[in-house]
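To start, the structure itself, in structure tokens.
Heavy-atom basis, side chains included; hydrogens, waters and symmetry copies ignored.
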Amino acid sequence: MWQDWRNYMKTKRYFPMFIDMEDKKVVVVGGGAIATRRVRTLVEFTHNIYVIAPRITEDLDLMAVKGLIHIEKRPVMRRDFQMAFMVIAATDNGRLNDDIARICREEGIYVNVSTDKSKCDFYFPGIIKRDELVIGINASGVNHAKARQVRMELEEFFDKNYPEKKQGGFGK
């Protein structure tokens with residue numbers, strides 16, 4: 001039986017878990033396009049996001065001005081991860097991302113490394129939000145195009161069948 005399970009699990013699968021993130025500290029290291037995309041997703045779920053990078057995008061700066069995130073324009077330090085629930089390593093420096101992953105593992109902090117899926121404890125799902133409904137879509141980090149296509153098809157379905165009540169939020 002165990003051998004059958006291992007054969008079935010040739011592709012690692014990730015358990016979809018919905019977590020109350022409202023007060024959880026999230027540290028995003030990096031200020032570029034990938035970090036911005038991750039923060040845009042996270043800002044809908046928590047007000048406790050710290051972005052640490054010497055340079056940031058205009059969108060991140062705007063989110064900080066609106067009070068949605070905290071920005072530290074400087075290099076990251078190990079102490080930045082204190083009390084963090086989750087860390088996103090989204091720099092263009094592979095060695096720094098590796099160091100961040102190592103530190104997070106030592107400290108028991110969930111980490112996502114944008115440059116190396118093998119170092120991720122979790123993947124960012126494609127997210128669809130309509131009123132109180134939240135749907136996460138993931139292809140186990142294997143086929144991003146397939147996950148994106150399913151997300152777009154579901155968004156089209158929900159746009160036609162369940163128009164969203166407009167709410168405040170960034171970028172809406």
Side-chain angles (χ1 to χ4, degrees), residues 12 14 16 18-19 21-22 24-78 80-81 84-105 109-130 134-156 158-159 164 167-172:
K12 189 179 207 179
Y14 287 78
F18 290 82
I19 302 169
M21 297 281 296
E22 186 175 349
K24 303 243 185 314
K25 180 180 178 182
V26 178
V27 177
V28 178
V29 183
I34 293 171
T36 301
R37 283 196 311 270
R38 299 293 189 256
V39 170
R40 274 192 202 120
T41 299
L42 289 166
V43 78
E44 301 258 355
F45 299 94
T46 181
H47 63 276
N48 205 4
I49 301 170
Y50 292 81
V51 176
I52 302 166
R55 294 173 308 282
I56 60 169
T57 64
E58 288 181 31
D59 283 352
L60 289 172
D61 194 41
L62 179 60
M63 284 186 259
V65 168
K66 289 183 174 186
L68 300 172
I69 63 174
H70 311 277
I71 300 279
E72 297 279 337
K73 290 185 182 178
R74 59 172 173 75
V76 68
M77 295 178 265
R78 186 180 184 125
D80 293 321
F81 305 132
F85 173 75
M86 174 188 300
V87 172
I88 311 301
T91 76
D92 58 3
N93 181 331
R95 187 174 188 161
L96 176 58
N97 288 346
D98 290 348
D99 288 345
I100 292 167
R102 179 185 47 76
I103 290 167
C104 288
R105 294 251 160 65
I109 301 167
Y110 290 111
V111 65
N112 176 280
V113 180
S114 66
T115 56
D116 187 346
K117 69 180 183 177
S118 72
K119 293 188 174 112
C120 295
D121 293 323
F122 65 95
Y123 295 133
F124 267 78
I127 292 182
I128 299 171
K129 284 186 62 190
R130 297 294 185 274
V134 178
I135 301 170
I137 301 159
N138 174 300
S140 297
V142 176
N143 190 338
H144 298 297
K146 184 177 188 178
R148 183 174 36 254
Q149 180 64 35
V150 169
R151 179 186 51 80
M152 290 178 356
E153 289 173 8
L154 283 172
E155 282 178 335
E156 185 177 320
F158 279 103
D159 287 345
E164 181 179 23
Q167 301 174 5
F170 184 78
K172 300 256 178 192

(request) State which residues pass ring-ring contact (aromatic ring centres under 6.0 Å, His included) with Phe81; sequence neighbours excluded, sorted by chain then number. (result) none
(message) For Ile137 versus Arg151, what's the shortest heavy-atom pair and its separation?
(response) CD1-CA, 3.5 Å
(message) Quick one, Val26 with Met21, criterion side chain to side chain contact (heavy atoms under 4.5 Å, CB included). Give me CA distance, side-chain angles, the key distance, then yes/no.
(response) CA-CA 9 Å; Val26 178; Met21 297 281 296; 3.6 Å; yes
(request) Could you tell me how the ring of Phe122 sits relative to the ring of Tyr110: parallel (under 30°), tilted (30 to 60°) or perpendicular (over 60°)? (result) perpendicular
(message) Does any part of the side chain of Val87, heavy atoms only, come nearer than 4.5 Å to the side chain of Ile103, both counted from C-beta?
(response) no
(request) List for me each residue that meets side-chain hydrogen bond (donor to acceptor under 3.5 Å, both in side chains) alongside Asp98, sequence neighbours excluded, and say none if there are none. (result) Lys119
(request) Work out which heavy atom in Val27 is nearest to a heavy atom in Ala84; give both atom names and the distance. (result) CG2-CB, 4.0 Å
(request) State, yes or no, whether a side-chain contact exists between Lys73 and Asp61 at a heavy-atom distance under 4.5 Å. (result) yes
(message) Nearest 0.5 Å, please: how far is CZ in Arg37 from OG1 in Thr57?
(response) 11.0 Å
(request) Kindly compute the distance separating CZ (Arg130) from CG (Leu154), expressed to the nearest 0.5 Å. (result) 9.5 Å
(request) Under the side-chain hydrogen bond (donor to acceptor under 3.5 Å, both in side chains) rule, collect the residues that match up with Asp121, sequence neighbours excluded. (result) Arg105
(message) Holding to salt bridge (charged side-chain N to carboxylate O under 4.0 Å, His left out), I want the full list of residues that pass it with Arg95, two or more places apart in sequence or in another chain.
(response) none
(message) I'd like to know if the side chain of Asn97 reaches the main chain of Thr91, judged simply by a donor and an acceptor atom lying under 3.5 Å from each other, with no hydrogens or angles considered.
(response) yes
(message) Please find the pair of heavy atoms, one from Ile100 and one from Ala89, that lie closest to each other, and give the distance.
(response) CG2-CB, 3.9 Å
(request) Examine distances only and state if a side-chain atom of Thr46 and a backbone atom of Lys24 form a donor-acceptor pair shorter than 3.5 Å. (result) yes
(message) Within the 4.5 Å heavy-atom criterion, are Tyr50 and Asn48 side-chain neighbours or not?
(response) yes
(message) Quick check for you: to the nearest 0.5 Å, what is the distance between Ile56 atom CD1 and Ile69 atom CD1?
(response) 6.5 Å
(request) Enter the distance from Ile128:CD1 to Ile135:CD1 here, rounded to the nearest 0.5 Å. (result) 5.0 Å
(request) Indicate the atoms forming the closest heavy-atom contact of Ile34 with Ala90, along with that distance. (result) CG2-CB, 4.1 Å
(request) Can you establish whether the number of heavy atoms outside Asp92 located under 6.0 Å from its atom CG is more than 12? (result) no
(request) Please report the shortest heavy-atom distance between Arg40 and Val43, naming the atom on each side. (result) O-CG1, 3.4 Å
(request) For Gly30 and Ala35, work out which heavy atoms get closest and say how close. (result) O-CB, 3.2 Å
(request) Sorted by first residue and then second, give each ring pair (Phe, Tyr, Trp, His ring centres under 6.0 Å) pair with at least one member in residues 136-156; sequence neighbours left out. (result) none
(message) More than 12 heavy atoms of other residues, nucleotides or ligands under 6.0 Å from CZ of Arg74: yes or no?
(response) yes
(message) Please check this pair: side chain of His47 against backbone of Glu22, looking for a donor-acceptor N/O pair closer than 3.5 Å.
(response) yes
(request) Can you measure from CE (Met63) to CD1 (Ile49) and round to the nearest 0.5 angstrom? (result) 8.0 Å
(message) To the nearest 0.5 Å, what is the distance between CD on Glu44 and CD1 on Ile127?
(response) 8.5 Å
(request) Could you list the residues that satisfy ring-ring contact (aromatic ring centres under 6.0 Å, His included) with Phe45, not counting sequence neighbours? (result) none
